[in-house]
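Shown next, in structure tokens, is the structure this report addresses.
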Amino acid sequence: MEIKNFINGHYQEAKSKKTIPLYEPATAKIVGQIAASNKSDVDEAVQAAKAIYPWWSARTPEQRSQALFKIAERLEQSLEELARAESKDQGKPYHLAKEIEIPRAIANFRYFASLILHTQESARPKADASALSYTFRKPIGVAGLISPWNLPLYLLTWKIAPAIAAGNTVVCKPSEITPVTAYLLGDLLNEAGLPHGVVNILFGLGSEVGQAIAEHPEIPLISFTGGTSTGKKILEASVPKIKKTSLELGGKNAALIFSDSDLSEAAIQSVRSSFQNQGEICLCSSRIYVQEEVLEKFLEKFVRTVSLLKIGDPEAKETQMGALVSKEHREKIESYVALAVKDGGTILCGGSRPKLESPFSDGYFYQPTVITGLPKNSRVLREEIFGPVVTVSSFKTEEEAIELANDSEYGLSATVWTKDLSRAHRVAQKLNVGTTWVNSWMVRDLSMPFGGLKQSGLGKEGGEYSLEFFTDTKTICIKI
Ligand code: TXE
């Protein structure tokens with residue numbers, strides 16, 4: 001597979017003609033080459049996005065809505081092909097891509113296609129009736145969209161849809177580790193009739209292409225999803241032009257399991273929240289805290305369910321965990337497990353690579369791992385691992401649970417398991433995180449604000465929050 005840049009509606013190699021290898025995580029085989037673009041490719045993409053911007057930004061919300069509905073329809077017709085490509089490229093189980101992730105990419109376009117038909121502005125007459133002020137929003141220009149490798153099409157379209165719905169044109173930089181569905185998207189956008197240049201998609205190293213986008217003087221806003229350290233680099237690059245920047249970064253999310261919860265449900269749902277997509281979702285639970293009187297009971301159920309998870313061929317329908325995304329990422333995960341043992345932790349299950357038959361014997365697979373008995377200051381409890389590794393610790397009181405959960409430089413999400421309604425509200429309101437799920441996980445309403453606090457991010461995406469980010473709001477005051 002030759003992954004080429006998609007600029008002005010056409011595929012083309014990087015100007016350097018250079019490429020980087022494309023690996024398949026489940027077999028560790030090289031299955032293609034990726035265009036290794038650089039600043040000169042970014043310049044060409046920006047010119048294409050700028051050229052069509054006057055026309056596209058002058059389309060009415062109705063016209064842009066039509067365009068997005070057509071894109072959603074075209075993606076839906078290719079759902080299985082996109083799901084298979086996503087699973088092969090990222091290592092995740094095919095049914096996860098088919099049932100959750102690609103449908104969500106389609107929903108991203110449908111949601112913003114309808115939202116822009118019903119946006120609200122505000123208008124306020126002065127008390128002395130001498131003037132009327134109203135807000136007026138307009139698109140900003142060429143938006144730079146940079147996305148990660150864990151939910152590739154789902155997170156890239158979560159940015160593309162509101163950006164173009166609001167009337168911007170875009171230059172996208174998907175992760176070089178999982179470029180395939182972004183590559184396939186180009187043709188689908190053409191077939192859906194989207195004018196050339198509205199969406200441009202570049203491939204290559206983040207330090208080359210991503211950095212060039214973050215620094216580009218003609219890209220006034222950046223929406224980034226990825227690691228916290230990279231987010232800081234992007235924020236630094238945005239300073240000279242004071243670019244509008246939205247950062248969705250890492251997490252180290254707590255699950256609080258109270259003795260008055262439905263323990264079996266909490267255990268089963270915590271297996272999903274810990275290990276879905278191999279634990280490679282920034283919203284995954286990674287620190288589980290259980291009220292001490294039910295710790296043993298919880299662990300018995302939790303560990304038994306984790307040990308039964310089926311790992312292997314991402315295409316097989318019984319597979320519940322696929323391969324980690326890369327060799328380097330598995331090595332990172334293994335280094336944290338080794339550190340946990342050094343810090344005195346106990347591994348209750350997992351902790352090594354599963355033995356799989358060919359052609360998966362060389363794939364980047366790793367067993368779901370549960371660790372207890374770590375000291376509070378262990379790096380394993382403080383740093384984002386972003387893989388199938390969770391720690392389980394106990395707490396005595398509600399206050400202690402809240403303190404433990406909030407004792408993190410991250411603040412992305414949390415889950416709270418309790419049948420006590422007052423406790424649910426009380427605890428959720430005290431957790432310093434962007435999203436708290438009570439007796440649930442990953443239930444998403446696309447209109448709600450999504451984003452992290454502290455080192456988990458800057459700004460919110462979702463519904464009006466996305467449109468607010470992708471437009472400039474002006475106030476106009478008219479003498480009556
Ligand atoms: O991140 P990276 P990854 C986080 C998750 C984990 C990380 C995994 O917690 O920490 O993202 O994704 C490009 N200038 N989230 O490893 O390396 C890079 O090419 C500009 C949180 O991919 O940060 C890729 O396209 N761009 C999130 C993108 O940045 C650069 C959900 C992300 O790469 C760059 C998903 C640079 N200097 C993952 N260096 C959430 N909160 O929702 C790299 N890139």
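Only a predicted model underlies this, so the values are computations on that prediction, with no experimental measurement involved. Just follow the structure's listing: the first ligand is 1, and inside any ligand the first atom is 1.
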Legend entry - Nearest-contact summary for atom 29 (O) of ligand 1 - protein heavy atom, Å: Phe224 CE1, 3.2 Å
Inset, instruction - Have a look at ligand 1 and work out which part of Ser229, if any, has a heavy atom under 4.0 Å from it: side chain, backbone, both or neither. - result: neither
Legend entry - Identity and separation of the nearest protein heavy atom to atom 42 (O) of ligand 1: Cys282 SG, 2.9 Å
Legend entry - Lys/Arg-Asp/Glu bridge criterion (N-O < 4.0 Å) met for Lys252, Glu383: no
Inset, instruction - Take the angle between the ring planes of Tyr183 and Tyr11 and call it parallel below 30°, perpendicular above 60°, tilted in between. - result: tilted
Inset, instruction - Consider only side-chain N and O atoms of Tyr366 and Arg353, and report whether a donor and an acceptor are under 3.5 Å apart. - result: no
Inset, instruction - Supply the atom-to-atom distance Thr178 OG1 to Glu280 CD, rounded to the nearest 0.5 angstrom. - result: 10.0 Å
Legend entry - Closest protein heavy atom (residue, atom, distance) for atom 9 (O) of ligand 1: Glu384 OE2, 2.3 Å
Legend entry - N or O pair under 3.5 Å between Lys173 and ligand 1: yes
Inset, instruction - Classify the contact between Ile234 and ligand 1 as side chain, backbone, both or neither, using a heavy-atom distance cut-off of under 4.0 Å. - result: side chain
Legend entry - Note: Glu328-Lys332 ion pair, threshold 4.0 Å (strictly below): no
Inset, instruction - Below 4.0 angstrom from a heavy atom of Leu412, which ligand 1 atoms are there? Numbered from 1 as shown, please. - result: 41 (N)
Legend entry - Nitrogen or oxygen atoms of Asn150 and ligand 1 under 3.5 Å apart: no
Legend entry - Atoms in ligand 1 with a heavy atom of Leu249 nearer than 4.0 Å: 21 (C), 27 (C), 40 (C), 41 (N)
Legend entry - Side chain, backbone, both or neither: the part of Ala214 lying under 4.0 Å from ligand 1 by heavy atom: neither
Inset, instruction - If the plane angle is over 60° it's perpendicular, under 30° parallel, otherwise tilted; pick one for Trp158 and Phe112. - result: tilted
Inset, instruction - Any atoms of ligand 1 less than 4.0 Å from a non-hydrogen atom of Glu176? List them with their elements. - result: 18 (C), 19 (O)
Inset, instruction - Specify the protein heavy atom at minimum distance from atom 13 (C) of ligand 1: its residue, its atom name, and the distance to 0.1 Å. - result: Ile146 CG2, 3.7 Å
Inset, instruction - Could you tell me whether Arg330 sits above the aromatic face of Tyr364, with NZ or CZ closer than 6.0 angstrom to the six-membered ring centre and within 45 degrees of the axis? - result: no
Legend entry - Residues in side chain to side chain donor-acceptor pair (under 3.5 Å) contact with Glu384, at least two apart in sequence or another chain: none
Legend entry - Atom pair CD (Gln12) and NZ (Lys15), whose distance is rounded to the nearest 0.5 Å: 5.5 Å
Inset, instruction - Would you check if the side chain of Lys460 reaches a backbone N or O of Phe469 as a donor-acceptor pair within less than 3.5 Å? - result: no
Legend entry - Closest protein heavy atom (residue, atom, distance) for atom 16 (O) of ligand 1: Trp149 NE1, 2.7 Å
Inset, instruction - Determine, considering heavy atoms only, which of Thr225, Leu247, Thr230 sits nearest to atom 32 (C) of ligand 1. - result: Thr225
Inset, instruction - With the side chain counted from C-beta on, respond yes when Lys310 and Met321 share a heavy-atom pair under 4.5 Å apart, and no when they do not. - result: no
Legend entry - Mode of Phe386 contact toward ligand 1 - side chain, backbone, both, neither (heavy atoms, under 4.0 Å): side chain
Inset, instruction - Measure from NZ or CZ of Arg272 to the centre of the six-membered ring of Trp437 and say whether it is under 6.0 Å with the direction within 45° of the ring axis. - result: no
Inset, instruction - Taking only heavy atoms of Gly250 into account, list the atoms of ligand 1 that are under 4.0 Å away from them. - result: 9 (O)
Inset, instruction - Could you tell me if any non-hydrogen atom of Ser147 lies under 4.0 Å from any atom of ligand 1? - result: yes
Legend entry - Side-chain donor-acceptor pair present, Ser413, Thr435, cut-off under 3.5 Å: no
Inset, instruction - Identify, for atom 15 (N) of ligand 1, the protein heavy atom at the shortest distance, and state residue, atom and that distance. - result: Gly226 O, 3.6 Å
Inset, instruction - For atom 37 (N) of ligand 1, decide whether some protein heavy-atom distance is shorter than 4.0 Å. - result: yes
Inset, instruction - For ligand 1, note which part of Lys233 has a heavy atom under 4.0 Å away: side chain, backbone, both or neither. - result: side chain
Inset, instruction - Tell me which protein heavy atom sits closest to atom 20 (C) of ligand 1, plus the residue, atom name and distance to 0.1 Å. - result: Gly210 C, 3.1 Å
Inset, instruction - Using atom types as modelled and distance alone, determine if a side-chain donor or acceptor of Asn168 lies under 3.5 Å from a backbone N or O of Ala163. - result: yes
Inset, instruction - Any atoms of ligand 1 less than 4.0 Å from a non-hydrogen atom of Pro174? List them with their elements. - result: 25 (O)
Inset, instruction - Answer side chain, backbone, both or neither: which part of Ser456 comes under 4.0 Å from ligand 1, heavy atoms only. - result: neither
Legend entry - Geometric N/O contact Gly227 with ligand 1, under 3.5 angstrom: yes
